[in-house]
Amino acid sequence: MKQNNFVIIAAFFATVVICSPFPTEAAGKKPSSPDASSSTDADASPAAAASPGGKVRATPFKGIIAAVDDKAKTFTIAGKETSHSLKITDKTIITRGGQPATMKDVVSNEEVRGSYYKMPDGSIEAKIVKLGPLTEAEKEARRVKREEKRASISPTASATPSVSPST
């Protein structure tokens, strides 16, 4: 009986050891030093440079433009809770009403939305800047997307009509 318990326990530990990942696999994927990754930040895309895994998504923003600095190519948005200063680069896509725009079109006291990358040095680079209120096409696209999402969550609820008892 004791020998049978010993065999079962030994088999369990052997299975755990064989199936567990080794920590040395993950260590090989990390960059060798933080200085090595920061030297390529200027050439690499902001998404790849912001984290070791390279899987960074752009963060959405929405607010009113509080200030614009044409020389530094930055603008400050006043959000609901905090203010952010965003830098416009050559890769930034700026639009107004669905049409291409330039830095000269960015003015104070205007509604703005878009997305940005947070860089390793703490600065914020705008990826997409959409000036002005939502266009009718954008409103329609959002409405369609919402309806598709509802339909995919409960396909039977939208296919069958609701029946109310009649008296």
Check step by step if side-chain contact (heavy atoms from CB on, under 4.5 Å) holds for I124 and M119. CA-CA 6 Å; I124 299 175; M119 303 307 289; over 6 Å; no
What's the verdict on side-chain contact (heavy atoms from CB on, under 4.5 Å) for I153 and R150, showing C-alpha distance, side-chain angles and the deciding distance? CA-CA 5 Å; I153 292 174; R150 283 188 204 141; 5.8 Å; no
Would you sort out whether K127 and Y116 count as a side-chain contact (heavy atoms from CB on, under 4.5 Å), showing the intermediate values? CA-CA 5 Å; K127 176 185 177 189; Y116 65 84; 5.8 Å; no
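To the nearest 0.5 Å, atoms CD1 (I88) and OG1 (T74) are separated by 8.0 Å. Here the CD1-OG1 distance, from I128 to T92, works out to 9.5 Å after rounding to the nearest 0.5 Å. With values rounded to the nearest 0.5 angstrom, K73 atom NZ is found 5.5 Å from D90 atom CG. Note that CD of E138 is 4.5 Å distant from CZ of R113, once rounded to the nearest 0.5 Å. E140 CD to T135 OG1: the interatomic distance, rounded to the nearest 0.5 Å, is 10.5 Å. The CZ atom of F61 lies 5.5 Å from the CD1 atom of I77; values are rounded to the nearest 0.5 Å.
In terms of modelled atom types and a separation under 3.5 Å, the side chain of R96 and the main chain of T102 share no donor-acceptor contact. Here the side chain of T95 pairs no donor or acceptor atom with the backbone of G98 at under 3.5 angstrom.
Here the closest non-hydrogen pair linking L134 and K139 is O-CE, 3.9 Å. Residues A126 and T89 share a closest heavy-atom pair of O-OG1, 4.5 Å. In terms of heavy atoms, S108 sits closest to A67 at OG-CA, 3.9 Å.
Between R143 and E147 there is a salt bridge, with a side-chain nitrogen of the basic residue lying less than 4.0 Å from a carboxylate oxygen of the acidic one. By the 4.0 Å N-to-carboxylate-O rule, K130 lies too far from E111 to be salt-bridged with it.
Summarising the local packing, NZ of K87 is surrounded by more than 12 heavy atoms from other residues, nucleotides or ligands at distances under 6.0 Å.
At least one side-chain heavy atom of F75 sits less than 4.5 Å from a side-chain heavy atom of V129. Contact check for V107 versus I65: no side-chain heavy atoms found under the 4.5 Å cut-off.
The only option from V68, L86, V112, D70 that meets the side-chain contact (heavy atoms from CB on, under 4.5 Å) definition with V106 turns out to be V68.
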